[in-house]
Protein chains: 2
Amino acid sequence: MRAIATEVGVQAGALYNYTPDKQSLLFDLMEGHMTELLAAVPNKGAGAEGRLRAFVGFHIDFHFTRQDAVFISYMELRNLTPENFARVEALRRQYEDRLEQILRDGVDEGVFAVGDTKIATLAIIAMLTGVTTWFREGGRLSLEQVTAQYWDMVRRAVT
Amino acid sequence: MRAIATEVGVQAGALYNYTPDKQSLLFDLMEGHMTELLAAVPNKGAGAEGRLRAFVGFHIDFHFTRQDAVFISYMELRNLTPENFARVEALRRQYEDRLEQILRDGVDEGVFAVGDTKIATLAIIAMLTGVTTWFREGGRLSLEQVTAQYWDMVRRAVT
DNA sequence: GTCTATACCCCGATAGAC
DNA sequence: GTCTATCGGGGTATAGAC
């Protein structure tokens, strides 16, 4: 709280005019992040493969442009009350379900071949989110090039 | 430190007969973990594909049986001094290089097709390590079944 | 080697003046 | 709405008796 106060140029006590406590601040941040994510995730496209491609591009871009929120959401997750934790987890599961539905549809269409769609979902999300931990602009490759290779690997992994 | 002391049945002050401070304790734990990892990672096998398969199985098993160390290593990484952080990171990079060498060899052999081997390395490790965050024994699938599907996805992603 | 006691610091949060 | 001052609690680490 003191760090936030310094950052915005007030004293620590003054923050409590805007939030009842740190827990609420943390929860509002995470819930807002997840709500934005769910509102922005694409769900249209030509066929399961097109939708998966859109999902991969979206996930990398969204998380890269919000690295701070992603980092905080992960590191502070265990500081939430059990109720708040459960609410954030429920939103996260909703997001996973979006990807799993694409995979299921692809299997039904006969264009994808995955053993268990839930495992494939978690594997893909872990792989994509990992980009935020090492990618920095100005490096050897552009985010577009990185995204292209990730899409290529994801496509082959489920095709 | 108080939690550790309670766990082992002594008072907090008594721990300082075994470690000069918390920083050393943290660093020794992480360095030990990484050294074990590097000592245990398999490097032999029939061809790049066989070596990759062995790597996948090893990585999942090693990290699953050491979930606590993996969790601490990640959460406490930023509490290391810059020097200790750099040393742990160097070990981590050595481990990544083991996987990347397998991918490079596979490309040379003509059995793998990946754009950038470094990106593929990071993608695969992120995907595999993710298993530790959700897998619990007694669930719908055994660790062997999960490992089999991950290997299938990894194989297809790079083939 | 372990204990009790405590120093010192940082944290979240509150009280009350302005 | 913001300030200063402070409370209560937790943290790491140390001192000194046994």
Side-chain angles (χ1 to χ4, degrees), chain A residues 1-37 63 65-93 129 132-133, chain B residues 1-37 63 65-93 129 132-133:
Chain A
M1 298 301 281
R2 282 183 165 94
I4 293 171
T6 300
E7 190 81 14
V8 301
V10 295
Q11 290 300 313
L15 292 180
Y16 292 83
N17 290 313
Y18 303 95
T19 180
D21 50 35
K22 187 182 174 181
Q23 174 72 205
S24 302
L25 193 63
L26 220 46
F27 174 69
D28 290 347
L29 180 74
M30 293 195 203
E31 189 194 37
H33 175 70
M34 291 307 300
T35 302
E36 264 189 70
L37 180 70
H63 287 78
T65 57
R66 288 164 181 80
Q67 288 185 61
D68 290 350
V70 172
F71 184 76
I72 289 179
S73 293
Y74 188 81
M75 297 302 270
E76 302 287 339
L77 193 58
R78 281 136 197 108
N79 293 331
L80 292 179
T81 63
E83 300 77 34
N84 286 342
F85 182 87
R87 290 173 64 184
V88 172
E89 284 292 281
L91 291 170
R92 193 178 54 74
R93 218 165 296 124
T129 307
T132 64
T133 64
Chain B
M1 300 300 282
R2 280 183 167 101
I4 293 171
T6 301
E7 191 81 15
V8 301
V10 295
Q11 290 299 316
L15 292 179
Y16 291 85
N17 289 314
Y18 302 95
T19 179
D21 50 36
K22 186 182 173 180
Q23 174 73 206
S24 301
L25 193 63
L26 220 46
F27 175 69
D28 290 347
L29 180 74
M30 293 194 201
E31 190 193 36
H33 176 69
M34 291 307 300
T35 302
E36 264 189 70
L37 181 69
H63 287 77
T65 57
R66 289 164 180 82
Q67 287 185 61
D68 291 350
V70 172
F71 185 75
I72 289 180
S73 292
Y74 187 81
M75 298 301 271
E76 302 287 339
L77 194 58
R78 280 135 198 109
N79 293 331
L80 292 179
T81 64
E83 299 78 33
N84 287 342
F85 182 88
R87 290 173 66 184
V88 172
E89 284 291 281
L91 292 170
R92 192 179 54 74
R93 217 165 296 124
T129 307
T132 65
T133 64

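Letters A, B, ... mirror the listed sequences (proteins, then strands); counts begin at 1.
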Participant: Please give, in whole Å, the distance from C:dT14 P to A:D21 CG?
Facilitator: 8 Å

Participant: Could you tell me how far apart A:N17 (CG) and C:dA13 (P) are, to the nearest whole angstrom?
Facilitator: 14 Å

Participant: Measure from the side-chain N and O atoms of A:Q67 to the backbone N and O of A:T133, and report whether any donor-acceptor pair falls under 3.5 Å.
Facilitator: no

Participant: How many whole angstroms separate atom CD of B:Q23 from atom P of D:dT12?
Facilitator: 13 Å

Participant: Write down the distance between OH (B:Y16) and P (C:dC3), rounded to a whole number of angstrom.
Facilitator: 14 Å

Participant: Identify each donor-acceptor pair in which a side-chain atom of residues 1-10 of chain B lies under 3.5 Å from a protein atom, sequence neighbours left out, and give them as a table.
Facilitator:
unit_1: B:T6; atom_1: OG1; unit_2: B:R2; atom_2: O; d: 3.0

Participant: Could you list, one pair per line, each protein nitrogen or oxygen that sits under 3.5 Å from a nitrogen or oxygen of nucleotides 7-11 of chain C, together with the distance?
Facilitator:
none

Participant: How close or far is atom P of C:dT2 from atom CG of B:L15, stated in whole angstroms?
Facilitator: 9 Å

Participant: Using whole Å, what does the distance between atom P of nucleotide D:dT12 and atom CG of B:N79 come to?
Facilitator: 11 Å

Participant: Examine distances only and state if a side-chain atom of B:E76 and a backbone atom of B:F27 form a donor-acceptor pair shorter than 3.5 Å.
Facilitator: no

Participant: Measuring from the side chain of B:A14 (C-beta onward, heavy atoms only), which nucleotide among C:dC3, D:dC3, C:dT14 has the closest atom?
Facilitator: C:dC3

Participant: For a 4.5 angstrom cut-off between non-hydrogen side-chain atoms, does B:V70 reach B:H33?
Facilitator: yes

Participant: Which whole-number value in Å describes the distance from B:Q11 CD to D:dC18 P?
Facilitator: 18 Å

Participant: Please check if the side chain of A:D28 supplies one atom and the backbone of A:L25 the other of a donor-acceptor pair under 3.5 Å.
Facilitator: no

Participant: Can you check whether A:Y18 has a side-chain N or O nearer than 4.0 Å to OP1 or OP2 of C:dA13?
Facilitator: no

Participant: If I take atom CD in residue B:E76 and atom C1' in nucleotide D:dG11, what distance separates them, rounded to the nearest angstrom?
Facilitator: 13 Å

Participant: In sequence, state the C-alpha distance, the side-chain angles, and the governing distance for B:M30 and B:L77, and then conclude on side-chain contact (heavy atoms from CB on, under 4.5 Å).
Facilitator: CA-CA 9 Å; B:M30 293 194 201; B:L77 194 58; 4.2 Å; yes

